[in-house]
Amino acid sequence: NAGVTQTPKFQVLKTGQSMTLQCAQDMNHNSMYWYRQDPGMGLRLIYYSASEGTTDKGEVPNGYNVSRLNKREFSLRLESAAPSQTSVYFCATRLFGYTFGSGTRLTVV
Amino acid sequence: AQKVTQAQTEISVVEKEDVTLDCVYETRDTTYYLFWYKQPPSGELVFLIRRNSFDEQNEISGRYSWNFQKSTSSFNFTITASQVVDSAVYFCALRDSNYQLIWGAGTKLIIKP
């Protein structure tokens, strides 16, 4: 039972490049979330999806897009990466509590 | 405004000492949930506890205990007889009525042998 799986675990991008962070869950939860964690800070919500087919902006959505492909998968896309997007990204699902993936450490140079 | 404050940026204690991590929250909601998560050096987020706003009973789980006081809007976390493996960053979080998690900045706990 993997829970929440994020890929890749590490990524280095050049400014202006695009990439998609993948998240898949096998917990059959409706709600999924993307957070970013910067040094010395708690997590900040980028986007969330309350159910398949719906997505909503969180606290820091600028520069990102998301797709809730199906109930299992929720991807986060950076269309034109910027150094300010260097961060650790966490995907999560929610039922009664929140279950987090292991994170993607992204560096934009 | 919804807010979680963890005033202690870093705490360092010697192994076997007791240590308390403070969490103060602000919310307009009457129904809300509070969480504690542990983030060890490996980086994953480990769920520790969830407490709803109607349940003010203190909770004890092994060496961990939590003190929830609505009167002071606090949800403090105590580790008894700390161990080196407890070294981590600990986050307190508030889930609001829109099901969004608002996180504190975290407290880095260092347990010295």
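Throughout, a chain's letter reflects where its sequence line sits, starting with A, and its residues are numbered from 1.
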Chemist: Between A:Tyr64 and A:Leu45, is there a shared hydrophobic cluster once you connect ILVMFWY residues whose side-chain heavy atoms come closer than 4.5 Å?
Modeler: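 Shared cluster, no.
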Chemist: Decide if atom NZ of A:Lys9 counts as having more than 12 heavy atoms of other residues, nucleotides or ligands within a radius under 6.0 Å.
Modeler: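 No, the 6.0 Å shell around NZ holds no more than 12 heavy atoms from other groups.
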Chemist: When heavy-atom pairs shorter than 4.5 Å are enumerated against chain A, which of B:Tyr37, B:Phe91, B:Phe47 gives the highest number?
Modeler: B:Tyr37
Chemist: Counting neighbours of CD on B:Gln57 that are heavy atoms of other residues, nucleotides or ligands and sit closer than 6.0 Å, is the number greater than 12?
Modeler: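 No, because the 6.0 Å sphere around CD of B:Gln57 holds 12 heavy atoms or fewer from other groups.
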Chemist: Considering residues, nucleotides and ligands other than A:Leu69, do more than 12 of their heavy atoms fall under 6.0 Å from its CG?
Modeler: yes
Chemist: Distance only, no hydrogens: is a donor on one side chain within 3.5 Å (strictly under) of an acceptor on the other, for B:Gln39 and A:Gln37?
Modeler: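 Indeed, the side chains of B:Gln39 and A:Gln37 share at least one donor-acceptor pair under 3.5 Å.
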Chemist: Are B:Ile110 and B:Tyr90 linked, directly or through intermediate hydrophobic residues, by side-chain heavy-atom contacts shorter than 4.5 Å (ILVMFWY only)?
Modeler: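 No, B:Tyr90 and B:Ile110 fall in different hydrophobic clusters.
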Chemist: What are the two closest non-hydrogen atoms of A:Leu43 and B:Trp103, and how far apart are they?
Modeler: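 Closest approach of A:Leu43 to B:Trp103: O-CD1, 3.3 Å.
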Chemist: Tell me whether A:Arg105 at atom CZ has more than 12 heavy atoms from other residues, nucleotides or ligands lying less than 6.0 Å away.
Modeler: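 Counting neighbours around CZ of A:Arg105, 12 or fewer heavy atoms of other residues, nucleotides or ligands fall under 6.0 Å, so no.
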Chemist: Any side-chain heavy atom of A:Phe90 sitting closer than 4.5 Å to one from B:Leu45?
Modeler: yes
Chemist: A:Tyr35 versus chain B, heavy atoms under 4.5 Å apart: side chain, backbone, both or neither?
Modeler: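 The answer is the side chain of A:Tyr35.
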Chemist: When heavy-atom pairs shorter than 4.5 Å are enumerated against chain A, which of B:Lys108, B:Arg95, B:Glu44, B:Gln100 gives the highest number?
Modeler: B:Gln100
Chemist: Do A:Val88 and A:Val60 land in one hydrophobic cluster if side-chain heavy atoms of ILVMFWY residues count as linked below 4.5 Å?
Modeler: no
Chemist: With a 4.5 angstrom heavy-atom cut-off, is it the side chain or the backbone of B:Ile102 that approaches chain A, or both, or neither?
Modeler: neither
Chemist: For A:Tyr98 and B:Phe35, indicate whether the former's side chain and the latter's backbone hold a donor-acceptor pair under 3.5 Å.
Modeler: no
Chemist: Answer with side chain, backbone, both or neither: which region of A:Arg44 has an atom nearer than 4.5 Å to a non-hydrogen atom of chain B?
Modeler: neither
